[in-house]
Colleague: 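Sharing a structure, written as structure tokens. Questions coming.
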Amino acid sequence: MTRRRSHPGSYHQNQGIARFTVQEQHKESKKVSLSWITPDLPKPFDAERCKHGFERWTALADRPQFENMAEQIGDIAANSPKRDVLAALFGNSPYLANLCLRDPDIICLIFDQGLDTAFKTALDPVRNSADAAPLDQAKTMMMVRQAKRRAALVIAIADICKAWTLDKITRAISETAEITLEFTLAHCLSATAKLRKFDLPHPDDPLRDCGIFAIGMGKLGAGELNYSSDIDLIFLFDHEVVTYIDPDRLQQDLVRMVRDVTRIMEERTGDGYVFRTDLRLRPDPASTPPILSMLAAETYYETVGQNWERAAMIKARIVAGDKKSGSIFLEILRPYVWRKHLDFLAIKDIHSIKRQINAHKGGSKVDIPGHNIKLGRGGIREIEFFAQTQQLIWGGREIALRCKATCEALRELTKFGQVSEKTRDEMLDAYEFLRTVEHRLQMTNDQQTQTLPDTEDGLHALATFLGYPTLDGFKADLLRHLRAVESNYAELFEDDAPLAGSTGNLVFTGTEDDPDTLENLRQMGFENATNVSITVRGWHHGRYRATRSRRAREILTELMPTLLNALSQTTNPDMAFRAFDEFLKGLPAGVQLFSLVTANPELLELLAQIAGTAPRMAKYLGRNAGVLDYVLMSGFHDELPDEDTMLSELNARLSREDMVEDWLDTARRWANDQKFRIDVQTIQNRHTPHQAGRTLADIADVAIRALFPRIANDFAIKHGTFDTGGLAVFALGKHGGQELSPGSDLDMIFVYDVPEDAEESNGEKPLTPGHYFIRLSQRYINALSAPTAEGVLFETDLRLRPSGNKGPLATHFKSFEAYQLNEAWTWEHMALTRLRPVYGPQELCDKVMATTHSVLQKQRNPDDLLRDVYDMRNRMDAGKGNNHPWAIKMRRGGLVDLEFIAQYLQLAHAYSHPEILSPTTRAVFRNLGKAGILEAEEATFLANAGSFWLALQAMLRLTTEGPFEPENASTDLRRMLARAGQCDDFDTLQTKLEETAIRIKAIYDRLITEPAEKLPPRTE
């Protein structure tokens, strides 16, 4: 088979890439000088790899596809300085060596016609984006990869040979990204249009007037890309320009198209990849699609855009798509980026960011191995930030400062008088040096890294690739530049006092984690530092209502070091941080609270304590942040107030209001303040659980006694009253026993009484007694449990009323009496042991309590009572039983068993010992001991056990959600529980927990289980 040869002077195509024939190369080679090759090329660090590279290079001449270059290939391998160029690649960069061996024709073209021609030729096949319209995806992917690969090789040789300036190198890489991106976008637009998704104005030139464009951000926008840079992009569309066939699917299909673009750009195939893409600089990337409308983006920047996003927008440039629409958008955004007048709030925000960075003015310790030359101390990011912050402040009134490139900005700042010539020169020299080091790091193995090797051998290899004869020379230059940047950078901080408690970087701007910040967070005790960093950036994106205003975010920036330091002082900083995040998520607004905390640092300590130990309280605070004002009032940490004092205070507040709605809100604000005070004092162990439960019940009683008369009077305006009688409110359960725990419902019943001859009330709209008091009862319930802007006062539970849920809300006294005497079940009489009057006519309350005592003191069949109690407890255990050791209420030997003992013994012995009756379980056991029904020591144990269980239950309700798992509890919470249980440590508490439950269950079994099981079957 004969091989066809190309005609001299012509081009032939190989996989879409133009290749020069050997004849053309020879003709042109006489005209091109090699003076662009620097005499001090890097020596090959790995001689063996260099030797192997030349062996593979010379073997290329024997391959049929390269036979027309055989003479050139041999000449390059044999003669300096061409050979020296290849040696620098083969001996230092496996990645570039592979590119040379894959595309030897581009090497030949470089030496024959020069770098500029070779670079142009590499990109020519994809330079015209319109050519992508008819291509399939596989062909498009192959062409852009080959173009990028070949262009990267040309740029790398220009860099290593010092033939191009740093500016030209970075612009060439940026140009490569733009051209390949445009070609890819044109193909994807055309492919989407062919599916009849939308109409392109110019199908043969897809990007023209299409209304879709990509904004290059960061280094791409500034034309400063490095070899392995991601390309930061924001994709937008102009909804007024895009002509869409199905408008409802516009967003969905454009998202799919953008994902195709990014996949084509970054997916690795046999031809490599083009560029990794990063879309995280778009508005709020965690909650927005990959492409937004111009209107949505504009709205975001004008409402919740941050100052670091303004800084990022300095470099914004339209790099692909409809340049006309893109230019309109950037012009719309110009006033957002460049404030016409000095924005001192923005300046303060920028200064807050600066103050969160641990800047040292020269001479600080920089550990070269493993140092990040971009993000580390004295690195590239500091040079960029040095320029951008000053551009933001002054660029609004000085147009010359609005340049995108870092070096140009430094020069303009000098002209403007903000940067001295000495500082400018030091920063420019350091920028060029560090970018060159960055390029060598990345071109070695095509890795996206800015981190120096952490071994001497790795550093030596890098120094050699940079052209240094010794490692010490490289280290000396590197340290000189890093310290110069560090020192100049610190000049920005001289007028800024460091934030209190800040011991290192705590920077949460941009989309990337700051390495120093992550390390500092770990040293502070946060195990998941990355999650903290991501979450805080979310706060600054305005994802929560509390951080949507610019002012709130600026105050939060200032507050951040102190906040994180306070959270880090807890024993589980990560849990405390998560709880604080939940608190922040629930806040309706942030400026007032953040300002309050800034002015009163002690509040921050309290918030941290709550977040670290009581996440349920943190959630409550998020919904009721106003209670923090109460903390600042004198007396917050004093002893709990008595009932009379609280009633006087609430009545005084309610007397200033005239409307029902205002009464309800006022009562809720007052009660929430009081409950929060008790909760805080509970987690701080400032009172006993008995005191806390009694005060919580008092708060409920006071709210009822202050609100209900007003509700009744308001109701009477329309419906009148009755001459005598009225409605009484009684507490049952823990409310009745004055043993409320945080979050407890109020068990209540309503009983009314009127004269026998009363037919209806005397108002404008009269009601019969039943209807009157049922409707009034409903008003009472709503007054307590209806949600208002201030939340709920108390949840209520009326299932213990006569006939339960089937019975009326309010019961006539005679019906109550008849039911309890003749129809009530034993379990209803057990509940009745805790009945306590709260509000209502004294005569009626006395009658109800007399009936109650009569019912409780009646003589009962001991066997029937025993069977009823035993059966009921077993049914509860079967339906709601919980054997978890920390199921305080339902576990065997827990609160329910304890209460059953107290209630059973009252029903069994009140006939002969009425003095034992009490709604409070603790008092019942004391009474039983005094009456001799229980031995004194056992009675004391049971009374103390009740306090023990209530203390643990209250603490768990404040601090945990779901079942308590000791292995997941923080040290602080374990300590708090031990303190509440009056134990020295948590292990002792767990022992006491089991011993208490075992003993209670043994007493229960002795008194109830064992005798009940000996009884004969019940006879009907």
Side-chain angles (χ1 to χ4, degrees), residues 13-18 120-152 174-216 220 230-238 241-245 249-279 289-291 318-326:
Q13 295 290 322
N14 182 351
Q15 294 183 325
I17 299 295
K120 178 179 180 302
T121 302
L123 293 178
D124 275 346
V126 294
R127 194 175 297 278
N128 183 11
S129 61
D131 293 343
L135 301 179
D136 61 25
Q137 190 174 105
K139 182 73 170 178
T140 302
M141 292 178 73
M142 179 193 69
M143 289 181 67
V144 291
R145 278 158 178 72
Q146 288 182 347
K148 188 263 182 166
R149 186 179 72 217
R150 292 158 69 83
S174 303
E175 183 182 351
T176 302
E178 289 177 60
I179 289 174
T180 53
L181 177 64
E182 281 240 299
F183 197 83
T184 300
L185 180 58
H187 161 75
C188 291
L189 268 174
S190 181
T192 304
K194 288 173 185 176
L195 295 174
R196 296 295 295 157
K197 300 295 184 183
F198 56 80
D199 291 326
L200 289 173
H202 308 281
D204 56 341
D205 187 3
L207 301 184
R208 184 179 163 199
D209 300 328
C210 67
I212 298 166
F213 55 91
I215 304 174
L220 175 60
D230 289 349
I231 52 174
D232 294 304
L233 300 171
I234 297 175
F235 284 96
L236 300 177
F237 66 92
D238 187 341
V241 174
V242 176
T243 305
Y244 211 73
I245 293 171
R249 291 183 56 85
L250 172 61
Q251 185 80 52
Q252 179 181 343
D253 290 328
L254 289 184
V255 165
R256 186 177 290 112
M257 184 202 71
V258 168
R259 286 180 176 150
D260 284 342
V261 171
T262 57
R263 184 176 57 80
I264 290 174
M265 291 294 288
E266 63 187 14
E267 187 177 275
R268 289 184 180 271
T269 70
D271 290 301
Y273 71 102
V274 194
F275 285 91
R276 288 174 290 267
T277 58
D278 190 337
L279 307 183
I291 181 169
I318 308 303
V319 294
D322 186 343
K323 305 288 177 66
K324 180 180 176 182
S325 291

Colleague: Where is the tightest heavy-atom contact between Val126 and Ala147, given as atom of each residue plus distance?
Modeller: CG2-CB, 3.6 Å

Colleague: Check for a donor-acceptor pair, side chain of Ser190 on one end and backbone N or O of Ala186 on the other, with a separation under 3.5 Å.
Modeller: no

Colleague: Working to the nearest 0.5 angstrom, can you tell me the gap between Ile215 CD1 and Asp232 CG?
Modeller: 12.0 Å

Colleague: Does NZ or CZ of Lys324 fall inside the cone over Phe213's six-membered ring, less than 6.0 Å from its centre and within 45° of the axis?
Modeller: no

Colleague: Find the distance between CD (Glu266) and CZ (Phe275) and round it off to the nearest 0.5 Å.
Modeller: 12.5 Å

Colleague: Looking only at heavy atoms, what is the nearest atom pair of Thr140 and Thr184, with distance?
Modeller: CG2-CA, 4.5 Å

Colleague: Please report the closest heavy-atom contact between Phe183 and Leu135, naming both atoms and the distance.
Modeller: CZ-CD1, 3.6 Å

Colleague: Look at Glu175 together with Arg127 and state whether they make a salt bridge at an N to O cut-off of under 4.0 Å.
Modeller: yes

Colleague: Is Leu200 close to Arg208 at the side-chain level, that is, under 4.5 Å between some pair of heavy atoms?
Modeller: no

Colleague: With rounding to the nearest 0.5 Å, note down the distance linking NZ in Lys148 to CG in Leu181.
Modeller: 13.5 Å

Colleague: Check whether any side-chain heavy atom of Val258 lies under 4.5 Å from a side-chain heavy atom of Leu279, and answer yes or no.
Modeller: yes

Colleague: Would you mind checking if Asp260 and Arg256 are paired as a salt bridge, meaning a charged N to carboxylate O distance below 4.0 Å?
Modeller: no

Colleague: Ignoring hydrogens and geometry, is there a side-chain-to-backbone donor-acceptor pair from Gln251 to Ile291 under 3.5 Å?
Modeller: yes

Colleague: So how far is it from Leu207 CG to His187 NE2, rounded to the nearest 0.5 Å?
Modeller: 12.5 Å

Colleague: Between His202 (side chain only) and Asp209 (backbone N and O only), is there a donor and an acceptor less than 3.5 Å apart?
Modeller: no

Colleague: From Thr277 OG1 over to Ile264 CD1, what is the distance, rounded to the nearest 0.5 angstrom?
Modeller: 11.0 Å

Colleague: Quickly, which of Arg149, Arg150, Arg145 forms a salt bridge (charged side-chain N to carboxylate O under 4.0 Å, His left out) with Asp271? Name it, please.
Modeller: Arg149

Colleague: Would you say Asp131 and Met143 make side-chain contact, with heavy atoms under 4.5 Å?
Modeller: no

Colleague: So, for Ala130 and Pro134, which heavy atoms are closest and what is the spacing to 0.1 Å?
Modeller: O-CD, 4.0 Å

Colleague: So, does Glu267 use its side chain to make a donor-acceptor pair with the main chain of Tyr273 at under 3.5 Å?
Modeller: no

Colleague: State, with a plain yes or no, whether a side-chain heavy atom of Asp322 is found less than 4.5 Å away from one of Asp238.
Modeller: no

Colleague: If you compare all heavy atoms of Leu220 against all heavy atoms of Ala177, which two are closest, and at what distance to 0.1 Å?
Modeller: CD1-CB, 4.0 Å

Colleague: Please report the shortest heavy-atom distance between Ala133 and Pro206, naming the atom on each side.
Modeller: CB-CG, 3.8 Å

Colleague: With rounding to the nearest 0.5 Å, note down the distance linking SG in Cys188 to CG in Leu254.
Modeller: 12.0 Å

Colleague: Could you check whether any side-chain heavy atom of Leu123 comes within less than 4.5 Å of a side-chain heavy atom of Thr176, counting everything from C-beta outward?
Modeller: yes

